[in-house]
Protein chains: 2
Amino acid sequence: MATIQQVADLARVSTATVSRALAGKPSVSAATRERVEEAARSLGYVASATASSLASGRTRNIGMVMPYLGSWFYAAVLKGAHRALADGGYDLTLYHLEDTTRHAERRQRLFDEFLRRKRVDAFIAVSLELSDAELERIALLGKPIVGLGGPIPGVTTLSLDDAGVATLATEHLLSLGHREIAHLGGDEAFEQDFHVPAKRRAAYEQALRAAGVEPDPRLIKNADFTIQGGYQATLQMLGAPQRPTALFAASDEMAIGAILAARDLGLRVPEDLSVVGIDGHELGEFFGLTTVDQFPVVQGRMAAETLLEELSPDAPGDHVNRDLPYELVVRKSTAVPSGRPRE
Amino acid sequence: MATIQQVADLARVSTATVSRALAGKPSVSAATRERVEEAARSLGYVASATASSLASGRTRNIGMVMPYLGSWFYAAVLKGAHRALADGGYDLTLYHLEDTTRHAERRQRLFDEFLRRKRVDAFIAVSLELSDAELERIALLGKPIVGLGGPIPGVTTLSLDDAGVATLATEHLLSLGHREIAHLGGDEAFEQDFHVPAKRRAAYEQALRAAGVEPDPRLIKNADFTIQGGYQATLQMLGAPQRPTALFAASDEMAIGAILAARDLGLRVPEDLSVVGIDGHELGEFFGLTTVDQFPVVQGRMAAETLLEELSPDAPGDHVNRDLPYELVVRKSTAVPSGRPRE
DNA sequence: CTGAAAGCGCTTACAG
DNA sequence: CTGAAAGCGCTTACAG
């Protein structure tokens with residue numbers, strides 16, 4: 001592995017000039033730059049990230065902190081962020097916060113140790129509502145951070161307007177003429193950090209009331225955001241006497257579970273039951289699922305791009321919360337109600 | 001951010017002693033060690049990874065190179081590797097090789113630049129059959145590498161015995177009494193690197209022949225490893241006159257697609273069609289899918305542990321290929337054939 | 001436009 | 001058991 005000194009020797013310049021030439025600094029003559037580049041190429045020289053970081057104080061590496069690695073959603077966010085960072089010349093180091101019983105301990109260790117090693121220039125924190133103690137530690141680090149998933153005071157964040165998303169989905173069903181609209185929300189376990197299930201449920205109830213429909217607690221069930229969970233909850237719901245004509249699930253996977261449950265009960269979707277989800281799951285197309293897409297790959301990309309902006313010298317120092325895009329995608333799982341559902 | 005010098009001053013020792021004490025070297029007196037630890041704690045000192053790496057030549061960071069980020073399978077592998085590395089005190093930097101038209105270009109850039117920055121001590125390469133040119137570059141780097149997914153000469157690898165897996169699945173169907181056994185393999189696009197589809201198909205055919213059954217080309221179709229793809233291919237297959245009594249899919253997702261296709265055609269699984277997949281997909285349980293589990297999280301963990309072993313000073317210098325575990329999980333999608341399938 | 005030199009913050013023989 | 005000192009391989013004011 002060639003060093004900068006070897007390049008300098010071969011090009012007959014100082015290491016300072018090699019550094020400047022390869023960094024693309026303007027203050028290098030064309031002829032010198034050429035010689036240096038040629039020397040670097042012939043030696044296969046690539047600057048040591050470690051030495052460069054120590055000298056410059058910049059690592060060109062970003063830390064991505066995420067819980068729930070493993071679900072398609074977070075994998076998509078990771079993918080989007082990685083692509084944008086790579087395009088910007090940055091590496092990505094992953095910090096997965098396992099959602100185990102030792103979550104709190106690991107989370108503290110992450111903030112006390114891992115993030116303080118100066119391995120990265122900045123962080124992206126996904127679906128983490130940072131505590132005051134954590135924010136304090138981050139302030140001490142003096143490194144930019146972008147939060148994804150919900151607003152955090154004093155931090156640049158990108159968040160999904162969960163109320164807006166749930167309202168859009170509910171109003172879609174209302175506008176089709178539905179009045180008995182069920183809701184599949186998220187379990188208690190998913191309330192941590194940004195309280196996504198509660199926000200979605202509240203907006204659903206408010207949209208119903210705004211349309212003159214009183215929410216029926218019997219039509220509201222919580223599950224674990226999975227196909228399996230949505231299937232079970234829907235089976236129970238549709239087995240009861242007050243059967244809804246439509247169902248709004250807080251995730252696409254639960255919505256798919258609902259579709260499968262309806263089928264197994266001999267109900268047709270959308271004729272007997274309209275179903276709408278949230279997310280933009282890759283299986284949505286296959287199941288003809290109407291959904292509110294929240295573009296997870298784009299979320300990752302936007303988080304990375306926002307962070308890169310903060311890292312640029314002329315970044316505005318303000319830390320604002322920006323809304324993420326979302327969009328109703330109407331497919332075949334929703335339609336006008338066809339009279340009273342069969343008993 | 002405290003430096004080692006500040007800790008040294010506070011503890012009234014040299015930086016050398018601080019370094020030794022905090023690294024847990026034996027040659028430090030208990031009293032000194034105590035003072036240093038106390039000083040470090042009170043200052044909130046964490047050694048700079050960058051400085052430590054430059055001085056020691058070790059980064060305590062591992063590079064994970066993977067294509068296909070985004071599918072549940074690779075997310076699971078990543079998760080398993082991350083956990084094992086974190087437990088060993090290592091960070092994980094991700095290098096995603098996007099599967100775009102610019103794949104070749106990006107792949108070359110990865111080997112020419114990204115991996116040469118000395119940001120990591122070693123690599124895990126997932127599902128990449130390294131070319132001779134790439135192996136040469138890696139040899140130049142002088143860093144350990146563990147390949148996951150298939151054998152590579154001269155490299156420590158962990159690979160799934162694709163022939164064994166396919167044989168196990170096929171023999172399971174044969175042992176139930178099936179003779180008309182279809183196969184859903186992988187498209188041409190999936191043949192790159194380790195030729196997984198071809199190996200599985202060959203073993204399937206061989207298992208049939210060994211049981212005295214001549215493979216029927218009309219019962220073999222290729223798809224793209226997804227639910228959607230498996231669904232379409234199965235629809236075509238079951239629409240034809242020579243309907244099979246069983247189907248072996250080269251992935252669980254295709255197997256699930258096959259189950260859904262059978263249902264839509266009014267066929268019962270397993271009574272009219274037995275289905276077996278490969279992978280251990282999280283939805284397998286829900287769909288009652290019989291499968292050959294290949295434990296992706298364990299694969300990630302094993303790759304990381306193997307690499308950590310190679311990194312230890314007393315590592316044996318041999319580069320062998322080890323087999324990954326797999327296991328037939330019998331659920332409800334396979335059963336003995338119930339007479340001739342309906343026409 | 002270029003070079004000499006300091007410095008980034010650690011680790012590690014070496015000597016005692 | 002501990003310290004002084006060299007060195008890891010770069011970057012960047014500073015001076016010219």
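In this text, all values refer to a predicted model and were calculated from it rather than measured experimentally. In what follows, chains carry the letters A, B, and so on, assigned in the order in which the sequence lines appear, proteins first and then strands, with residues in each chain numbered from 1. Basis for what follows: all heavy atoms, side chains included, without hydrogens, waters or symmetry-related copies.
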Trainee: With respect to the phosphate group of D:dC10, does any side-chain polar atom (N or O) of A:R60 fall under 4.0 Å of OP1 or OP2?
Mentor: no
Trainee: For C:dA4, which nucleotide is its Watson-Crick or G-U wobble mate, given both distances must be under 3.5 Å?
Mentor: none
Trainee: So, is B:S48 near the phosphate of C:dG9, with a side-chain N or O under 4.0 Å from OP1 or OP2?
Mentor: no
Trainee: Would you say A:T32 reaches C:dT2's phosphate, i.e. side-chain N/O to OP1/OP2 under 4.0 Å?
Mentor: yes
Trainee: Of B:T15 and B:A55, whose closest DNA chain D nucleotide lies nearer the 5' terminus?
Mentor: B:T15
Trainee: Is the NZ or CZ atom of A:R60 positioned over A:Y90's six-membered ring, under 6.0 angstrom from the centre and within 45° of the axis?
Mentor: yes
Trainee: Answer whether the closest heavy-atom distance between the side chains of B:P296 and B:Y74 falls below 4.5 Å.
Mentor: no
Trainee: Mind checking B:R58 for me? I need base, sugar-phosphate or nothing, with any heavy atom below 4.0 Å counting as a touch.
Mentor: sugar-phosphate
Trainee: Taking atom C1' of C:dG9 as reference, at what distance in whole Å does atom NZ of A:K118 sit?
Mentor: 8 Å
Trainee: Are any of B:S52's side-chain N or O atoms less than 4.0 Å away from OP1 or OP2 of C:dC10?
Mentor: no
Trainee: By nearest nucleotide on DNA chain C, pick out whichever of B:T50 and A:T17 is the more 5' one.
Mentor: A:T17
Trainee: Looking at C:dT12, I'd like to know if its phosphate oxygens (OP1 or OP2) sit under 4.0 Å from a side-chain N or O belonging to B:K25.
Mentor: yes
Trainee: How many Å lie between CG on A:L43 and P on D:dC10, as a whole number?
Mentor: 12 Å
Trainee: Has B:S56 got a side-chain N or O lying under 4.0 Å from the OP1 or OP2 atom of C:dC10?
Mentor: no
Trainee: Give a yes/no on whether any side-chain N or O of B:R35 is located under 4.0 angstrom from OP1 or OP2 of D:dC1.
Mentor: no
Trainee: Looking only at the side chain of B:S29 (C-beta and beyond, no hydrogens), which of the listed nucleotides C:dC10, D:dC1, D:dT11 gets closest?
Mentor: D:dC1
Trainee: Is any side-chain heavy atom of B:L94 closer than 4.5 Å to one of A:H82?
Mentor: yes
Trainee: Let's see if you can work this out: which of D:dT2, C:dT11, D:dG9 has an atom nearest to the side-chain heavy atoms of B:R20?
Mentor: D:dT2
